[in-house]
Amino acid sequence: MNDFRQELSQEELKEYPVRKFEGEIFLVDSISKLPAALSEMAEYSVLGFDTETRPAFRKGVKNKVALLQLASHDKAWLFRLNMIGLPDSLKSFLSKQTIIKPGVAIHDDIKGLNDWNSFKPGGFVELQDMVKDYGIVSSGLKKLSAIVLGFAISKRQQVTNWENSSLSDAQLAYAATDAWVCLQIYDYLLNGKA
């Protein structure tokens, strides 16, 4: 089996060092940047996956997914859906079975993406299901990162406005980190190393 902790308390989580994605970040905020991003991503067999949505602080208000993140170990592509929508070429990429896309709570992410442009998801792996095989009970990304990888990630930018005309460096790093950590967890569970 393994020696993963089953769960962590918020207090225990504070003891872990915090890490973030330190590779290249490619911001796709216009259709003209899309072909190059898709071409480069097609070279990978596994990419970490996540989305961000502007928080709604009023009951009954639900915003559309504003950002789609995909990451390799050293590159992250951030797609500003609030600016480019979900073009057919990107939709087609998300349908590819041959490119594995691990993420956490992906059902909601995929539902949100389908609000932009309906597609059949392919190659997605739910890490919350995967960690159950290792006896891990905690299922949030921050706790999974600490349990599996031995470091925490900051969630400080989570409730910021993802529809701003420009995103801050902190938002870009946060978004890239979430997708990157999903890839790191997936690799570690499969291969014993990230």
Using 0.5 Å steps for rounding, measure from the [atom1] atom of [X] to the [atom2] atom of [Y].
X: Leu47; Y: Leu70; atom1: CG; atom2: CG; answer: 5.5 Å
X: Leu81; Y: Glu52; atom1: CG; atom2: CD; answer: 11.0 Å
X: Asn82; Y: Glu163; atom1: CG; atom2: CD; answer: 5.5 Å
X: Ile147; Y: Phe4; atom1: CD1; atom2: CZ; answer: 9.5 Å
X: Ile136; Y: Gln128; atom1: CD1; atom2: CD; answer: 11.5 Å
X: Gln97; Y: Phe124; atom1: CD; atom2: CZ; answer: 9.5 Å

Keeping [X] on the side-chain end and [Y] on the backbone end, is there a donor-acceptor pair under 3.5 Å?
X: Ser145; Y: Phe151; answer: yes
X: Gln171; Y: Asn161; answer: yes
X: Glu126; Y: Ile106; answer: yes

Starting from the C-alpha separation in whole Å, work towards a yes-or-no answer on side chain to side chain contact (heavy atoms under 4.5 Å, CB included) for Lys64 and Arg54. CA-CA 8 Å; Lys64 285 179 107 170; Arg54 188 182 86 194; over 6 Å; no
Can you list the residues that meet the side-chain contact (heavy atoms from CB on, under 4.5 Å) rule with Ser92, with sequence neighbours excluded?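 Result, side-chain contact (heavy atoms from CB on, under 4.5 Å) vs Ser92: none returned.
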side-chain contact (heavy atoms from CB on, under 4.5 Å) partners of Glu40, counting only residues at least two apart: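 Listed in chain order: Phe26, Lys75, Trp77.
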Please give me the minimum heavy-atom distance between [X] and [Y], naming the atom from each residue.
X: Phe93; Y: Leu38; answer: CB-CD2, 3.8 Å
X: His73; Y: Trp180; answer: O-NE1, 3.4 Å
X: Ala146; Y: Tyr16; answer: O-CE2, 3.5 Å
X: Cys182; Y: Gly48; answer: CB-CA, 4.3 Å
X: Val18; Y: Ser154; answer: CG1-N, 3.9 Å
X: Leu172; Y: Ile25; answer: O-CD1, 3.7 Å

With sequence neighbours left out, which residue pairs that include part of [range] fulfil the salt bridge (Lys or Arg N to Asp or Glu O under 4.0 Å) condition?
range: residues 83-93; value: Asp88-Lys91
range: residues 92-115; value: none
range: residues 14-35; value: Glu11-Lys14, Asp29-Lys33

With the 4.5 Å side-chain cut-off for hydrophobic clustering, are [X] and [Y] part of the same group?
X: Tyr186; Y: Leu141; result: yes
X: Val131; Y: Leu13; result: yes
X: Val181; Y: Ile100; result: yes
X: Met83; Y: Leu67; result: no
X: Val148; Y: Val137; result: no

Using ring centroids (six-membered ring only for Trp), state whether Trp162 and Tyr174 fall under 6.0 Å.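 Judged by ring-centre distance (under 6.0 Å), Tyr174 and Trp162 do meet the cut-off.
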Output, in order, the C-alpha distance, side-chain angles, deciding distance and verdict of side-chain hydrogen bond (donor to acceptor under 3.5 Å, both in side chains) for Asp74 and Ser72. CA-CA 6 Å; Asp74 57 0; Ser72 70; 3.2 Å; yes
Check Leu113, Asn114, Leu86 against Val65 for a side-chain contact (heavy atoms from CB on, under 4.5 Å) and give me the one that passes.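 That would be Leu113; it is the only one of Leu113, Asn114, Leu86 passing the side-chain contact (heavy atoms from CB on, under 4.5 Å) with Val65.
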Candidates Leu167, Leu68, Val28 - the one meeting side-chain contact (heavy atoms from CB on, under 4.5 Å) with Arg80: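 Among Leu167, Leu68, Val28, the one that satisfies the side-chain contact (heavy atoms from CB on, under 4.5 Å) with Arg80 is Leu167.
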Set of salt bridge (charged side-chain N to carboxylate O under 4.0 Å, His left out) partners for Asp129, sequence neighbours left out: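 With sequence neighbours excluded, Asp129 shows a salt bridge (charged side-chain N to carboxylate O under 4.0 Å, His left out) to Lys132, given in chain and number order.
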Would you check if [X] and [Y] make a side-chain contact, meaning some heavy-atom pair closer than 4.5 Å?
X: Ser89; Y: Leu34; result: yes
X: Ile185; Y: Pro102; result: no
X: Val125; Y: Met130; result: yes

